[in-house]
Amino acid sequence: MKNRTVTLLKGDGIGPEISDAVLEIFEAAKAPITWEEAEAGLSCVEKYGNGLPQETLESIRRNQIALKGPTTTPIAGGHKSVNVTIRKSLDLFANVRPAKTLPGVKTRFDNVDVILVRENIEDTYGGIEHWQTPDVVQCLKIITRPGSMAVIRYAFEMATAMGRQRVTCVHKANIHKYSDGLFLDCFREVAKEYPHLQADDILIDNACMQLVTKPEQFDVMITQNLYGDIVSDLCAGLVGGLGVAPAGNIGRDRAVFEAVHGSAPDIAGMGVANPTALLQSATLMLYYLRLPSFAKRIERALHSVLADGLKTRDLGGKATTRDFTQAIIHALPPFGSFETSELASPAVMTCEPEAAHVSDREWVLRGADVFIQHEGMPEVPQRVGKMELSLISNRGTKIYPGPRPDIYLVDWFRLRYKATEPLTQTDIDLLLAEISKRFTWMHVEKLHEENGVAMFSKAQGE
Ligand code: NAI
């Protein structure tokens, strides 16, 4: 069998320790992989000014597959996240995070088997954040139809390939009516094409409560980037914690596999890290590469070691990374010890999702929200050109017209101007010019209608 070349990023923190454990196990299991090591993480920041050198990205592009150890991301400043950069640069639009009960790992529930598919590029992870005034920050949550369609279709394709029964969309469309509403619409549209799968949806808050009380009811879950980030850690907790939770970042023709956990600086260099999460990510990679017999051998060895009670510190044991790795190597079953049927279903697969085509539509400009900086209630013009002032809000809550709520006012107001007739860009330019005479405006959002339906949200209290 010809070896497959895989880019290896050991990362930083506990990354090198757990990567070396995986390499040893793969070598003992005779997995047909040639590793091409590439740099990423803290060691690169001083050298290159960022955590991800161009050569590393090129290596992944060339090999179309990588195994990645965790990399540290500084909080509130510093270099950009290596993970987010990899996912975006390579368009790895789906993040697959299975959480399955492991033998011998004692948790509150015995029968968890959830695969969470997380959108991996969009949402607030676009990182579009701006200070609006010295007191106010805005972070944009970007949800697109093609991005949502791609990841949702992937979830249904994966569920079908793996013989799963149910796909559940996790969202907050009761509050984020447009962004989560679009995601949910896409889900319903795609679900129609997979009548053999049960498709339903649940609000994120309820999903979390249900997961910590009856997790066995869930099968495949699909959600947006930020919700997926949080819910997948919750799912990891259900099956033994971050030390055992694997993940794969899947794109159209490439994939990067990594553990859910981070660089664990608190235990880095101590030789006590659990390599299970990265090892399980690496076995997901073997399924992806259609090498299920090697994946099954390694999984069986891992399961038997855990069932025998050997555990690292995070799982309540005393084994070092090295003890645990050696035990897995000794437990590797002989080749040919599996039924062919056991090797049939791939755990993760690729798919070629087409972008949704939006049909002809009447997309009409009807007004604008102008955001201004001002201390205290602003005196603003009632009418500008064809537009009337219809609303002033502060922190998303309506303060004009009608009774003013008791909320504390910050120095950032939204002025909504609307017209009953179609507008052009020139009308908005005139509005901004008029507003600029009295105020500093921070940003402007155009208000559209599609076939007579408002394509913008109302303020709370409106
Ligand atoms: P973390 O996942 O690194 O650690 C959280 C807790 O879990 C710590 O107590 C740690 O010791 C423990 N833990 C994690 N993995 C373990 C393992 N394999 N064995 C035993 N214990 C383990 O999360 P934290 O502390 O919030 O983040 C540390 C750094 O990692 C941050 O800079 C963060 O940005 C980065 N990070 C990187 C990720 C990646 O590269 N994929 C993912 C998540 C965080």
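Worth knowing before you read on, the calculation uses all heavy atoms, side chains too, and leaves out hydrogens, waters and symmetry mates. Each ligand, and each atom within it, is numbered from 1 in the order the structure gives.
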Contacting atoms of ligand 1, where contact means under 4.0 angstrom from a heavy atom of N83 = 37 (C), 38 (C), 39 (C), 40 (O), 41 (N)
ask   = Which residue supplies the protein heavy atom nearest to atom 16 (C) of ligand 1, what is that atom called, and how far is it?
value = I14 CD1, 4.0 Å
request  = List for me each residue that meets ring-ring contact (aromatic ring centres under 6.0 Å, His included) alongside H303, sequence neighbours excluded, and say none if there are none.
outcome  = none
request  = Kindly confirm or rule out an N or O of G262 lying under 3.5 angstrom from an N or O of ligand 1.
outcome  = yes
remark   = Near E258 (heavy-atom distance under 4.0 Å), the atoms of ligand 1 are 41 (N)
inquiry  = If only side-chain N and O atoms count, and only distance matters, is there a donor-acceptor pair under 3.5 Å linking E119 with Y227?
reply    = no
ask   = Hey, are D200 and T168 close enough side-chain-wise for a donor-acceptor pair under 3.5 Å?
value = yes
query = Can an N or O of H261 be found at a distance shorter than 3.5 Å from an N or O of ligand 1?
reply = yes
task = Looking only at protein heavy atoms, identify the closest one to atom 19 (N) of ligand 1 and say how far it is in Å.
result = N274 N, 2.9 Å
query = Relative to ligand 1, is D266 under 4.0 angstrom through side chain, backbone, both or neither, heavy atoms considered?
reply = side chain
query = Atoms of ligand 1 less than 4.0 Å from T72 heavy atoms?
reply = 32 (O)
message = My understanding is that only residues two or more places apart in sequence, or in another chain, count here; which of them pass ring-ring contact (aromatic ring centres under 6.0 Å, His included) with F371?
response = W412, H443
remark   = for atom 29 (C) of ligand 1, nearest protein heavy atom and its distance come out as S263 OG, 3.2 Å
task = Look at atom 33 (C) of ligand 1 and say which protein heavy atom is nearest, naming residue and atom and giving the distance to 0.1 Å.
result = T73 N, 4.0 Å
inquiry  = Are any of the N/O atoms on A264, whether in the backbone or the side chain, positioned under 3.5 angstrom from an N/O atom of ligand 1?
reply    = yes
ask   = Do E24 and T325 meet the criterion of a side-chain donor-acceptor pair at a distance under 3.5 Å?
value = no
query = At a 4.0 Å threshold, what atoms of ligand 1 neighbour a non-hydrogen atom of V260?
reply = 42 (C), 43 (C)
request  = Keeping the roles fixed (side chain from R118, backbone from N225), state whether a donor-acceptor pair exists under 3.5 Å.
outcome  = yes
task = May I ask you to identify the nearest protein heavy atom to atom 5 (C) of ligand 1, giving residue, atom name and distance to one decimal place in Å?
result = L242 CD1, 3.9 Å
query = Are K141 and Q224 close enough that a side-chain donor and a side-chain acceptor fall under 3.5 Å?
reply = yes
ask   = Starting from atom 28 (C) of ligand 1, which protein heavy atom do you reach first, and at what distance in Å?
value = P265 CD, 3.6 Å
ask   = Protein heavy atom under 4.0 angstrom of atom 2 (O) of ligand 1, is there one?
value = yes
query = Testing R87, R97, K10 for salt bridge (charged side-chain N to carboxylate O under 4.0 Å, His left out) with E258, which one passes?
reply = R87
Short side-chain donor-acceptor distance under 3.5 Å, D135 and T133 = no
message = Considering non-hydrogen atoms of the protein only, which is the closest contact for atom 35 (C) of ligand 1, and what is the distance?
response = T71 O, 3.5 Å
query = Which part of R313 is near ligand 1, with near meaning a heavy atom under 4.0 Å away: side chain, backbone, both or neither?
reply = neither
query = Of the options D233, D314, I18, which is the one that meets H261 in a side chain to side chain contact (heavy atoms under 4.5 Å, CB included)?
reply = I18
inquiry  = With no hydrogens and no angle check, just 3.5 Å: does a side-chain donor-acceptor pair link R414 and N394?
reply    = no
request  = Could you tell me whether atom 26 (O) of ligand 1 has at least one protein heavy atom nearer than 4.0 Å?
outcome  = no
note = For I267, the atoms of ligand 1 under 4.0 Å from one of its heavy atoms are 11 (O), 20 (C), 21 (N)
ask   = Is any N or O atom of D314, backbone or side chain, closer than 3.5 Å to an N or O atom of ligand 1?
value = no
ask   = Between the side chains of T7 and N63, is a donor N or O closer than 3.5 angstrom to an acceptor N or O?
value = yes
